[in-house]
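Working notes for the structure below.
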Number of protein chains: 2
Amino acid sequence: MINARVLIRPKEGILDAQGKAVEKALPALGFEGIEHVRVGRIVELRAENDERLQELCEKLLANPLIEDYEIEIA
Amino acid sequence: MINARVLIRPKEGILDAQGKAVEKALPALGFEGIEHVRVGRIVELRAENDERLQELCEKLLANPLIEDYEIEIA
């Protein structure tokens, strides 16, 4: 079995509503000097092998139209 | 400026509804041998320094009651 980690992020140029919401909340909480906030998802799983992980991302975990994904094998 | 990445995951023992939903969808899509699926969030940002990142996680990014977080500095 392998441990895999999939990072899923909004594509560059796609509105990242959660990231914008965080940026907007920062000043009211007293945080300065923090920028370029992007919020995505992380999916961790155990698999027998990595053969079909890309397909899994395309079909189930990510929306390839608006999201990029990156697979890391631990 | 530093690039930081915050990984936010449901604590062990806390129901991970998204992870369970993925696991349930796998057989219908023909995926076998994938288990222990956990879904969390990833927040990437640029900051002047890492001094207040832990505070940022506690106050805004994560819910420490039900989520663990991990800060990685790139």
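Here is how names work: the chains are called A, B, and so on, in the same order as the sequence lines, proteins then strands, and each is numbered from 1. All heavy atoms count here, side chains included; hydrogens, waters and symmetry mates do not.
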Which of the residues A:E35, A:M1, A:Q18, A:E48 is involved in the greatest number of heavy-atom pairs with chain B at under 4.5 angstrom?
A:E35
Salt bridge check, B:E72 against A:R5: does any charged N sit closer than 4.0 Å to a carboxylate O?
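A salt bridge is present here (some side-chain N lies under 4.0 Å from a carboxylate O).
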If you count heavy-atom pairs under 4.5 Å between each of B:G33, B:A25, B:A47 and chain A, which one has the most?
B:G33
Quick one: of B:E32, B:K59, B:R46, who has the most non-hydrogen atom pairs under 4.5 Å with chain A?
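Ranked by contacts with chain A, first place is B:R46.
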Is [X] in contact with chain B via its backbone, its side chain, both, or neither, using a 4.5 Å heavy-atom distance?
X	answer
A:E55	both
A:I2	neither
A:L7	side chain

In one Ile/Leu/Val/Met/Phe/Trp/Tyr side-chain cluster, 4.5 Å: [X], [Y]:
X	Y	answer
B:V37	B:I8	no
B:I14	B:V6	no
A:I34	A:V39	yes

Rounded to the nearest 0.5 Å, how far does CG of A:L45 lie from CD of B:E23?
9.0 Å
Spatial distance of atom CG (A:L60) from atom CG (B:L29) [nearest 0.5 Å]:
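One finds 5.5 Å between CG of A:L60 and CG of B:L29.
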Has A:R9 got a side-chain atom pairing as donor or acceptor with B:V43's backbone, closer than 3.5 angstrom?
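No; zero donor-acceptor contacts below 3.5 Å.
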Under 3.5 Å donor-acceptor, A:R38 side chain and B:I42 backbone
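Not confirmed, A:R38 side chain does not pair with B:I42 backbone.
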More than 12 heavy atoms of other residues, nucleotides or ligands under 6.0 Å from NZ of A:K11: yes or no?
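Counting neighbours around NZ of A:K11, more than 12 heavy atoms of other residues, nucleotides or ligands fall under 6.0 Å, so yes.
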Within 6.0 Å of CD in A:Q54, more than 12 heavy atoms from elsewhere:
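Open.
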Got A:E44 and B:H36 here, is their nearest side-chain heavy-atom distance under 4.5 Å?
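No; the side chains remain at least 4.5 Å from each other.
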